[in-house]
Structure formats: C-alpha cells, structure tokens
Amino acid sequence: MDIDGDGRAGPAARAASAAVELRCRGVPAEPARFPPLRRMLAAWAECLGMETEQVEALVLASYEALANAAEHAYAGASAGDLELHAVYMAESARAHVTVIDRGQWQPPSTTGTGLGGRGLVLIENLAEHSEVTTGSTGTAVHMSWTVPSAADVLESAHA
Amino acid sequence: MARNESSAAETADRSDQQDLTVTLEWQDRAAVLAVSGEIDMVTAPRFQNEMSAALEQQPDKLVVDMTQVEFFDSAGLSALVAAYQQAGKHTSVRVVATNGATVRPLRLTALDRKILVHDTVDDALACR
C-alpha cells in the first residue's frame, strides 16, 4: 500500500499498526508523578501522527486534568489514586484521553467541579471536545481530538 | 542509617530541581529573569519565588524571558498573576514568549491582555 505516494506508509498507517492504547491504573495522585505521564502521552500522540501543536494541546489539557485529580486527592483525608487512559479509535480517527480520580469526592460547592478556573479554561479550549463528570466515586475528565492525518487516510480509503 | 537519610533527601531535592533553570540579570533598572525548562505544579512555586525575589529589589521593569520554556501550565499562569499583583504600580512586568507551549496558555486564559507579551528581550526592554 502506497499511502504517501513515496512508497512509505504515512503516520496514520503507522498508528494503525502500533499499540494505540495507554492505560495507567493506581497512579498516586501526586504532582511529582505526573512529568513521566506527560512525556508518555507526548510520545503516544506523536506516534499517532499528531502535529506538534496538537500534541502540545493534548499534553497540557491532560496535565490539567491530572492536576485536578491531585487537588481532589489532597482535599481528602487519604491520598487517592487516579487512572489515565488514552486510546485511539480508528473508526472515528479520534484520540481520546480520560483521567479518572477515585479520591475523596468533594461535594458540589462554589468551586463547582473543583477544577481551578484557569485549568478548566485550558481544558475546554485545548480539547476539541471535553466533558467533566462528577459522581459519588470520583471525577472523570474526558477529552478528545481528531487526528487529521488519520482522518485523511480514512477518507481516501473510503473514496 | 545516616546514609539512607541523605540519599532520600537527595532524591527529594532532585525532584524539586526538576527541569527548571532560572537566571537573573540586571540591565540598568530592569531585571531580566531567563527561565528554561518546564513550569508545572512541581516547579511553579520556585518560578514564583524567583520572580518574587527579583521584585523585592524594586526594579522599574521585570522581564520574564520564557523563550526556553517547553511546558507551561495553569500553576505557572497563577505564578505570573501573583508576580503581576506583587509588582503593583512600581514595576512593569513583561513576558517574552515565542513558542506555542507558552503563548497558547497565555492567550487562551487572556492573561496576555493583562501582561504584555513580547517576541524578544530587547523589545520588552525598549517598550514602555
């Protein structure tokens, strides 16, 4: 298959054959743990063929979601843990990142979801789609992005 | 025993020193703070302390050169806001930022309307 026209498979084709899912469970919700997660997410997004700007957006938005989880954990009596899940869905050509914290749930207050003002602004603006779900077991921040190169490949494959 | 304690302290120290270098230089009455590395939840307090220490010397202008910063989060934005508030009327705070990792968060949170962002340190120093 000649996708790029130069005899080499494009980034999207590489992504399709590479491992496209990241899942980290039971990560202590401590800020010192986050830089390696950030670097792992960046490598994952680059591997999917995302452009630098989109990789940066995904990494910062995800980091802000992790920061939010750390705030929940610190607000509770015991340090909670969190789950980071990143998955590429080939059928929709979208990269999804979800951060779930199972820390002490904070009842709704003036601060709403507990997300700091600027953190939430960043998540909402950096993610193509974002959603914050708060329940009795914790908070889930879900974000997604279209991977443009993959979308192009899917389109031409369907044409 | 003593050895174990010292190695634990070193490890803690290293995580605090994680990927952030701050250098302060003076050009007449202007303080130029060159920052490189990553500003996040872990390093933002140090970033804020360095700005605060520079501001305590009451410069006419504080130029925060962020051209070598590769990651900049909401904790970093809050640190800049704190510096801006500390500066008050005495010191004009300017930021130098050219890459997406720093310009984007400043723009998305509209902080670039409160703190002027320049392309070069020279521009920031020259601009009133």
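We name chains A, B, ... by the order of the sequence lines, and we start the count at 1 in each one.
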| said: I'd like to know if the side chain of A/Tyr63 reaches the main chain of B/Met41, judged simply by a donor and an acceptor atom lying under 3.5 Å from each other, with no hydrogens or angles considered. | reply: yes
May I ask whether [X] and [Y] are part of the same hydrophobic cluster, defined by side-chain heavy atoms of I, L, V, M, F, W, Y residues being less than 4.5 angstrom apart, directly or through others?
X	Y	answer
B/Leu125	B/Val35	no
B/Val32	B/Met66	no
A/Leu122	A/Leu120	yes
A/Ile100	A/Phe34	no
A/Leu58	A/Val132	yes

| query | Would the number of heavy atoms belonging to other residues, nucleotides or ligands and lying under 6.0 Å from CD of B/Glu25 be above 12? | reply | no
| query | Crowded around B/Arg113 CZ? As in, over 12 foreign heavy atoms under 6.0 Å? | reply | no
| query | Which heavy atom in A/Pro35 sits nearest to a heavy atom in B/Asp40, and how many Å separate them? | reply | CG-OD2, 3.8 Å
| Looking only at heavy atoms, which two atoms of B/Ala101 and A/Glu56 are closest? And how far apart? | N-OE1, 3.4 Å
| Members of residues 102-111 of chain B whose heavy atoms come closer than 4.5 Å to chain A | B/Arg104, B/Pro105, B/Leu108, B/Thr109
| request: Find out whether B/Phe71 and A/Val59 are in side-chain contact, i.e. whether some heavy atom of one side chain is under 4.5 Å from a heavy atom of the other. | output: yes
| Could you walk me through whether A/Arg39 and B/Asp19 pass the salt bridge (charged side-chain N to carboxylate O under 4.0 Å, His left out) check? | CA-CA 13 Å; A/Arg39 291 183 236 294; B/Asp19 295 321; 3.4 Å; yes
| Pairs satisfying side chain to side chain donor-acceptor pair (under 3.5 Å), at least one member in residues 73-83 of chain B, at least two apart | A/Glu64-B/Ser74, A/Arg118-B/Ser78
